[in-house]
Amino acid sequence: MSDSFEAKGKRKKLVGELRRKGITDEEVLRAIDTVPRHDFMDPAFLNHAYVDKSFPISSGQTISQPYTVAVQTSLLKVRKKDKILEIGTGSGYQCAILAEMGAKVYTIERYRELFLKAQATITSLGYSADFFFGDGYEGKPQYGPFDGIVITAATPEIPETLLNQLRIGGRLVAPVGSGGSQIMTLAIRTGEDKYEYSYHGYFIFVPMVKGIANGN
Ligand code: SAH
């Protein structure tokens with residue numbers, strides 16, 4: 001779908017709202033101002049593309065709330081050419097934000113339908129990223145170590161396989177928790193076997209599930 005003055009105006013408003021909610025990373029705000037979120041929405045919710053909320057996409061999953069995407073991306077401290085691994089491609093919106101910021105993105109999705117759709121959307125917008133259909137719990141060791149890893153589904157704990165794929169100095173951001181909400185957790189790898197943890201508020205995500213999804 002093409003971009004419009006109306007959509008551009010709504011994005012500016014959304015960026016203002018995110019600033020008021022405490023987002024300060026100018027590169028993250030610029031990316032949100034640039035990426036047409038309406039292209040990642042289910043047609044039923046098209047009018048809500050620039051509302052700061054998550055919305056249903058296919059396969060019972062959701063496109064993350066812009067504020068959540070902004071918090072996770074800010075915590076990654078993305079620099080151009082960084083290698084970033086995303087677990088949970090979903091709509092592809094978070095992937096597009098990272099690509100817009102100049103990151104080299106590797107993204108994994110366990111639903112084939114979402115994997116195919118997100119790949120088509122990202123490509124049609126002229127971004128490039130490496131898409132994988134598979135189980136994010138395994139990560140992509142053959143492409144690591146990564147500067148950043150972002151998990152966009154709720155996990156009771158951060159999988160060790162993923163922590164091991166960070167470079168020293170690399171940052172992993174994940175919503176951790178098994179109840180109704182999760183705490184946004186940043187793990188920085190400070191040594192071969194050393195990680196520093198910090199916590200950045202409560203969020204609600206769909207669960208991270210082991211294995212690829214059956215059927216679609
Ligand atoms: N980043 C997405 C958010 C999608 S919601 C966006 O910007 O739209 C989380 C996604 O994680 C869902 O699509 C879900 O299918 C996927 N997911 C859950 N467990 C997974 C796993 N083990 N491996 C890969 N993807 C997973």
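Counting convention: from 1, in listed order, for ligands and their atoms alike. Note that the structure is predicted; figures quoted are calculated from it, not measured.
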*Does some non-hydrogen atom of Ser59 fall short of 4.0 Å from ligand 1?*
no
*Does Ala118 reach ligand 1, in the sense of a heavy atom lying below 4.0 Å from it?*
no
_For atom 16 (C) of ligand 1, the protein heavy atom that lies nearest, with its residue and separation_ = Glu109 OE1, 3.4 Å
*Which residue supplies the protein heavy atom nearest to atom 11 (O) of ligand 1, what is that atom called, and how far is it?*
Gly88 CA, 3.1 Å
*Select one of side chain, backbone, both or neither to describe which atoms of Leu114 lie under 4.0 Å from any atom of ligand 1, heavy atoms only.*
side chain
*Does Ile57 approach ligand 1 within less than 4.0 angstrom via side chain, backbone, both or neither, non-hydrogen atoms only?*
neither
*Do me a favour and list the nearest non-hydrogen protein atom to atom 9 (C) of ligand 1 with residue, atom name and distance?*
Thr152 O, 3.3 Å
*For atom 7 (O) of ligand 1, what's the nearest protein heavy atom and its distance?*
Gln94 N, 3.1 Å
*Should the proximity of Cys95 to ligand 1, defined as any heavy atom under 4.0 Å, be assigned to the side chain, the backbone, both, or neither?*
neither
_Looking at Tyr106, I'd like to know if the NZ or CZ of Lys104 sits under 6.0 Å from its six-membered ring centre while staying within 45 degrees of the ring's axis._
yes
*asked:* If we ignore hydrogens and angles and just use 3.5 Å, is the side chain of Thr185 paired with the main-chain N or O of Ile183 as donor and acceptor?
replied: yes
_Remaining members of hydrophobic cluster (4.5 Å side-chain criterion), Phe5_ = none
*Could you pull out all residues at least two apart from Lys140 that satisfy side chain to side chain contact (heavy atoms under 4.5 Å, CB included)?*
Leu85, Ile108, Phe132, Gln142, Tyr143, Phe146
_Part of Met208 with heavy atoms under 4.0 Å of ligand 1, whether side chain, backbone, both or neither_ = both
*asked:* Can a side-chain donor-acceptor contact be found between Glu138 and Thr161 if the only test is distance below 3.5 angstrom?
replied: no
*How far is atom 5 (S) of ligand 1 from its nearest protein heavy atom, and which residue and atom name does that atom have?*
Thr62 O, 3.2 Å
*Mark the output for Thr107 as yes if a heavy-atom distance to ligand 1 is under 4.0 Å, and as no if none is.*
no
